[in-house]
Number of protein chains: 2
Amino acid sequence: MTSSLQADPQRVGEVLYKTLRDRIISGELRPGTRLSVPALAEEFRVSRSPVRDAVIRLVQENLAAETMNRGAEVARISRAELVSLYEAREVLEGAVARLATEKYDAALRRSLLALLTEHRTVAEQGDFARHLELDAAFHREIRQAAKSPVLARMLDGVQSRVLVAMRSTSLTGGMVQAVHDHQAIFEAIGSGDPEAAELAARAHIHRLKELLSAAD
Amino acid sequence: MTSSLQADPQRVGEVLYKTLRDRIISGELRPGTRLSVPALAEEFRVSRSPVRDAVIRLVQENLAAETMNRGAEVARISRAELVSLYEAREVLEGAVARLATEKYDAALRRSLLALLTEHRTVAEQGDFARHLELDAAFHREIRQAAKSPVLARMLDGVQSRVLVAMRSTSLTGGMVQAVHDHQAIFEAIGSGDPEAAELAARAHIHRLKELLSAAD
DNA sequence: TCGACACTATCTGCATGCAGTGTTGAACGC
DNA sequence: GCGTTCAACACTGCATGCAGATAGTGTCGA
């Protein structure tokens, strides 16, 4: 071992992939931005190979799009595709809510309750940035509790692309309403009724999708 | 233009990716098979670069798994993950059935009916290989009709990995029962009731999942 | 006979070379 | 002023070089 306590990856390509992914999701790299392999290689002071690897992975994940002999650019996600993403998200969130209910325990109850409590305060205070974090955290908690790696991975992919799309389409969606929906999901999960939990989660996402279609 | 009439890809890496993907899905490359980049490069008479690109894409798609400094091998899909795949597939097939119902037209009716008719004959005759094809075709027709690229892509990924998993776990599942389920889905879609279509599709996949859990 | 160790072969992962191609912009004609 | 031509540039995509790491093999000692 050299020095630090890092466990797994430390392949340059892996680090680059995660870095670029973060920059895309955070909006630092906006949709349409060219992903020039030589330029990125120079920026990160590495050769072109690991950069190319990272870009290929981003393309495969639909976070970037490539044209023949023109390389890749950060994906531009259309309104139509955003709706399609929400169609997927609706049923996937429903599924994880159902599974989480079947695996419900005190630890899950505590963490969801903590998130919900803070979220309510934050929403009333109008802290939008923190609202987004708590919103994401709430859903993340549920999908981790569902213990379905397949569904979790899909939701991750959907969520990433939704965030990218949001860079051009700000869907605020109402913080108070979000808290209200989350409360309903929490109660359904807590009641031990998988069916109710699924319906509550679906209704939550469905409402967001409708907002999306309405807003032009 | 050189000679042939092929339109888009013509990147070596793209062709390799599709070829390897097909071989994995078809079972020609069995789970656990090492994907040695130099060996594949020699087999296909190309350099290691496009092979590496293809392997990276397979890994990103979870059709291959890699270990640090040991490269990739064809994914081994556990029983637990197969169940997880079916949990995802259940809700995804439900979603596309719902959407297909909303977009139902005569063309869809014709193609589904044709598939269903042949499927019934084939099932009675006990032609298992053809049964698998028709089964897949039926679901493919519905998810194309749904016109949701996001859901379609997810289902493709799920289906690929299910096929890989099936190489070690033969789940026959009853051809006649499959036809019966498909008939119910067809009728629900045709009736124009999205809710019913979703439920029918989900019930179909759910039944397969139960079979999976039961069979050891 | 059996285990430890060193050695070899092979592969991964990063770096780099290079031909073909798309893009840009400037010179030129009109 | 405006459109066209063409040449320089930049980048993609494939090929290849190479250091480090890992697995497999054989040898030696007990």
Side-chain angles (χ1 to χ4, degrees), chain A residues 1-21 24 29 31-76, chain B residues 1-21 23-24 29-76:
Chain A
M1 189 172 296
T2 52
S3 60
S4 58
L5 42 79
Q6 51 226 358
D8 34 317
Q10 272 27 3
R11 272 174 302 184
V12 177
E14 182 80 13
V15 174
L16 285 174
Y17 163 69
K18 288 180 181 164
T19 304
L20 290 175
R21 190 175 195 281
I24 291 173
L29 287 171
T33 306
R34 289 287 305 275
L35 295 173
S36 161
V37 171
L40 290 171
E42 182 170 13
E43 175 181 349
F44 291 102
R45 305 288 175 182
V46 295
S47 81
R48 305 189 315 262
S49 298
V51 176
R52 181 177 172 76
D53 293 356
V55 170
I56 287 176
R57 293 178 64 179
L58 293 171
V59 169
Q60 190 69 7
E61 214 174 324
N62 276 336
L63 285 176
E66 62 182 0
T67 325
M68 183 62 172
N69 288 330
R70 269 190 45 82
E73 62 177 44
V74 178
R76 304 173 195 267
Chain B
M1 190 174 294
T2 52
S3 60
S4 57
L5 44 80
Q6 48 228 356
D8 36 315
Q10 269 30 4
R11 271 173 304 185
V12 177
E14 183 79 12
V15 175
L16 286 173
Y17 164 69
K18 288 180 180 163
T19 303
L20 290 175
R21 189 176 196 281
R23 290 196 183 175
I24 291 173
L29 287 171
R30 301 183 61 84
T33 306
R34 289 287 307 275
L35 295 172
S36 161
V37 171
L40 291 170
E42 182 170 13
E43 176 181 348
F44 291 102
R45 305 288 175 182
V46 295
S47 81
R48 305 190 314 262
S49 297
V51 176
R52 182 177 171 77
D53 293 356
V55 170
I56 287 176
R57 294 178 64 178
L58 293 170
V59 169
Q60 191 68 6
E61 214 175 323
N62 276 337
L63 285 175
E66 62 183 0
T67 325
M68 184 61 172
N69 289 329
R70 269 190 43 83
E73 62 178 44
V74 177
R76 304 173 195 266

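Sequence lines set the chain letters: A, B, ... in the order given, protein chains first and strands last, and positions in each chain run from 1.
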TODO: Look at the side chain of S36(A) and the backbone N and O of A39(A), then say whether any donor-acceptor pair between them is shorter than 3.5 Å.
DONE: yes
Task: Side-chain donor or acceptor of R34(B) paired with backbone N/O of R70(B) under 3.5 Å - done: yes
With respect to the phosphate group of [N], does any side-chain polar atom (N or O) of [X] fall under 4.0 Å of OP1 or OP2?
{"X": "S49(A)", "N": "dG13(C)", "result": "no"}
{"X": "S47(A)", "N": "dA15(C)", "result": "yes"}
{"X": "R70(B)", "N": "dT22(D)", "result": "no"}
{"X": "R34(A)", "N": "dA10(D)", "result": "no"}

Open item on the list: Any base atoms under 4.0 Å from L35(B), or only sugar-phosphate, or nothing? Heavy atoms, all strands.
Closed with: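 Sugar-phosphate: the residue L35(B), judged by heavy atoms under 4.0 Å, touches backbone atoms but no base.
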TODO: With heavy atoms under 4.0 Å as the rule, sort L16(A) into base, sugar-phosphate or nothing.
DONE: nothing
Can you tell me the distance, in whole Å, between the [atom1] atom of [X] and the [atom2] atom of [N]?
{"X": "I56(A)", "N": "dG13(C)", "atom1": "CD1", "atom2": "P", "value": "14 Å"}
{"X": "E73(A)", "N": "dT12(D)", "atom1": "CD", "atom2": "P", "value": "12 Å"}
{"X": "M68(B)", "N": "dG13(C)", "atom1": "CE", "atom2": "P", "value": "7 Å"}
{"X": "Q10(B)", "N": "dC14(D)", "atom1": "CD", "atom2": "P", "value": "11 Å"}
{"X": "E42(B)", "N": "dC11(C)", "atom1": "CD", "atom2": "P", "value": "10 Å"}
{"X": "R52(A)", "N": "dT12(D)", "atom1": "CZ", "atom2": "P", "value": "9 Å"}
{"X": "D53(A)", "N": "dG13(D)", "atom1": "CG", "atom2": "P", "value": "13 Å"}

TODO: Find out whether L63(A) and L20(A) are in side-chain contact, i.e. whether some heavy atom of one side chain is under 4.5 Å from a heavy atom of the other.
DONE: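 SC-SC contact between L63(A) and L20(A) ruled out.
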Open item on the list: Do D53(B) and R52(A) have side chains that approach each other closer than 4.5 Å (heavy atoms only, starting at C-beta)?
Closed with: yes
TODO: Check step by step if salt bridge (charged side-chain N to carboxylate O under 4.0 Å, His left out) holds for E43(B) and R23(B).
DONE: CA-CA 14 Å; E43(B) 176 181 348; R23(B) 290 196 183 175; 2.9 Å; yes
- [ ] By nearest nucleotide on DNA chain D, pick out whichever of N69(B) and V12(B) is the more 5' one.
- [x] V12(B)
Open item on the list: I'd like to know if R48(B) reaches the base of dG17(D) with its side chain such that a donor and an acceptor end up less than 3.5 angstrom apart.
Closed with: yes
Open item on the list: So if I take every side-chain heavy atom of R11(B) and compare against dG13(D), dC14(C), dC11(C), which nucleotide ends up nearest?
Closed with: dG13(D)
